[in-house]
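Below: one structure, written as structure tokens.
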Amino acid sequence: MTEVIDVSKIFGEDVFNESTMRKRLPKEVFKKLKETMNTGSELDGTIAESVATAMKDWAIEKGATHYTHWFQPMTGITAEKHDSFIAPTGDGTVIMEFSGKELIKGETDASSFPSGGIRATFEARGYTAWDPTSFVFVKDSTLYIPTAFCSYTGEALDKKTPLLRSMDALSEQALRILRLFGNTTSKRVIPTVGAEQEYFLIDKTVYEKRKDLLYTGRTLFGAPAPKGQQMEDHYFGVIKQRVSDFMKDLDMALWRLGVPSKTKHNEGAPAQHEMAPIFASANIAADQNQLAMEMMQKIAKKHDMVCLLHEKPFKGVNGSGKHDNWALSTDDGQNLLKPGRSPSENAQFLTFLAAVVKAVDDYAELLRLSVATAGNDHRLGAHEAPPAIISIFLGDELDEVVKAIIDGRTVVKKSAYFDLGIISLPKFKKDNTDRNRTSPFAFTGNKFEFRSVGSTHNVATPNIILNTIVAESFRVFADQLEKATPENFDDMLHNLLVDTFKKHGRVIFNGNGYGEEWVKEATEIRGLPNLVSTVDALPHFEDEKAIELFTRHKVFTEREIHARMEILLENYYKTINIEAQTAVEMVKRDYTPAVMSYQKTLCDIIASKQVVGIDIGVEKEIAVRLCALTTSMTSKTKELCALLDDAKDITGVLEIARFYHDKVFAKMNEIRADVDELETMVASEYWPVPNYGEILFSVK
Ligand code: ADP
Ligand code: MG
């Protein structure tokens, strides 16, 4: 008999969520805390003690002995340091204590986390500060407190701090627009995010035999398997029992932690899958996505599998992304990117839409760099993921509306139109759910889907950028429209929309984003930036207009921008450095000896055949080619080692990163070509590592 699971009871069981708070906190305290959570206002210090005690008692009932300030440093993963609740009483016994001060602020040694130079000139100490807008939870006998992580002087050393700042900026500017449309009740505008997570699952035994997977998360070598995704039989296919068992455990674990895992299915490539949660505020969605990635890896292990989160674990096979679904909601539940029912709602919708179009065009470089990492470079433009060129897909219907606005026409077509009469805007059909999977930034009915985000990325980064650039459009719009009188508001708005779509329409593209023609059109005709690699993209962080944007909206200081760019560039070349060293080790210690053994067998056969005078044509042909490839592989590997040495003499992070991109990475690809050909020639029993077929079909 199937066990009945009461999901509604399990969901959020390990989370100190609103319903638990209501039960456990004094009424007044609950009210004040909720106010902070809803409006992002400062926490009333006097309630901290009461909240801390309630949290501790609840956590202890859940089996917790420790608490930790959980934060998201620039390493890309989360960090935690556990302290127990014990406090000595003086008579040799302890009691369990947790103060308001311990809840609100933690001190930590920041010196071992990337700071991009901020640390060097200041004290090594950093602090973590409770983020009351994200619930605390219990995991592994520990109370987890989501926190922001700053230097002692208040500079952000993490991803949460700027995300919260960007949410404030967005809310402030979006409310100005809402007020213009007569909304006097909404108190806050919140970016909502649903992060669809793609991943691979492979068997532990094949994983452990691949040093490249172990050290770098991706295969540095590997010839294509005869069967890949040609048959298109994996996407949405029947889920294998082992994978299904994993997914069930994952759902359970996520639900307990209050992560609303909603959808699970097989993805395009063999061994590739996806989990999509129900959306939440950007801040909570980012925290929950970090938890989801952690849980995927943990639970895979329990099932003797490994979860690969890398953007491109296998060459020639679809990579993994993380679609960042993004919309704007008011605190009273109105989705501002949803076409409305009344004429004025639609004028408002078009204003928000225009603001996004303007933002994406004005700051395409920033959006691009928000998803720039060594891993994602393999994926963007690899013909299964969006190109490095940022454009917006609106769908035919909405595109027609935009064109009509520009031309001053009225679109009249079939049924289900909106009446935009009051400002003489054209009418458009409501249900615009066209999909274009090749677009990096697609409007999908009531939200945008930013598809360039990589599977390992912390979604905080792209959302910091999105929130800020859209806040800036709102600011510019509000500055203009606030000058209008009730009499000329409609006209002014109309002109603003026309001007905006005219100026920024170049970023709207509904065609095939994977084609070569698009690259030509985008760069040569439309003048859109095509920042192919991370080293092309990241320097734009320090463009004057970027500094102006971030400082104006108080999302980053100039020093923080500089520090962040350094960290990201460092991260880029360190990643390639590790990959290069792994490649060298595999060539020298795995591939070369394997090829030599096989060569010896061949040569033994040749020698013995020659003794009796039998034709050695085939063996010789193979042996000669093996020899040529081995020689080439060996000399290129030497060159790679020399390059790694040269890199040590280069100064300046950008220069080092460029060198790694232009020289080191390029050389690795040359070596790979030799190794991959060798793989197709050497007898299977001699090949030292599992091949693509064995890995991709390892989970039976
Ligand atoms: P698909 O894109 O596969 O058709 P859905 O549209 O149902 O699937 O949703 C995909 C993701 O977008 C889900 O994670 C969902 O929660 C999220 N999503 C839906 N509405 C919003 C919204 N208003 N804001 C942010 N994310 C949203
Ligand atoms: Mg989707």
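Each ligand, and each atom within it, is numbered from 1 in the order the structure gives. What's counted below: heavy atoms across the whole structure, side chains too, no hydrogens, waters or symmetry copies.
- On a distance-only criterion, N325 and ligand 1 share at least one N/O pair closer than 3.5 Å.
- Taking distance alone, with nitrogen or oxygen atoms compared against 3.5 Å, A195 stays at or beyond that limit from ligand 1.
- Side-chain contact check for H273 and E198: no donor-acceptor pair (N or O, by modelled atom type) lies under 3.5 Å.
- At under 3.5 Å, not a single nitrogen or oxygen of I278, backbone or side chain, sits near a nitrogen or oxygen of ligand 1.
- A donor-acceptor pair under 3.5 Å is absent between the side-chain atoms of R379 and the main chain of E311, judged by distance alone.
- For F441 and F450, the ring centers sit closer than 6.0 Å to each other.
- Within the structure, the closest approach of E449 to ligand 1 falls below 4.0 Å when heavy atoms are considered.
- Classified by interplanar angle (parallel below 30°, tilted 30° to 60°, perpendicular above 60°), the ring pair F443/F349 is tilted.
- Counting atoms of ligand 1 from 1 in the listed order, those under 4.0 Å from a heavy atom of N335 are 23 (N).
- Between T192 and ligand 1, a contact under 3.5 Å exists for at least one N or O pair.
- Other residues, nucleotides and ligands place more than 12 heavy atoms under 6.0 Å from the NZ atom of K139.
- Within the 4.0 Å heavy-atom criterion, the part of E196 lying near ligand 1 is the side chain and not the backbone.
- When the heavy-atom distances from atom 13 (C) of ligand 1 to P277, A282, S329 are ranked, the shortest goes to P277.
- W70 and D287 share no side-chain donor-acceptor pair at under 3.5 Å.
- A distance of 6.0 Å separates CG in N510 from CG in L394, rounded to the nearest 0.5 Å.
- Checking K338, R451, K447 against atom 18 (N) of ligand 1, the nearest heavy atom belongs to K447.
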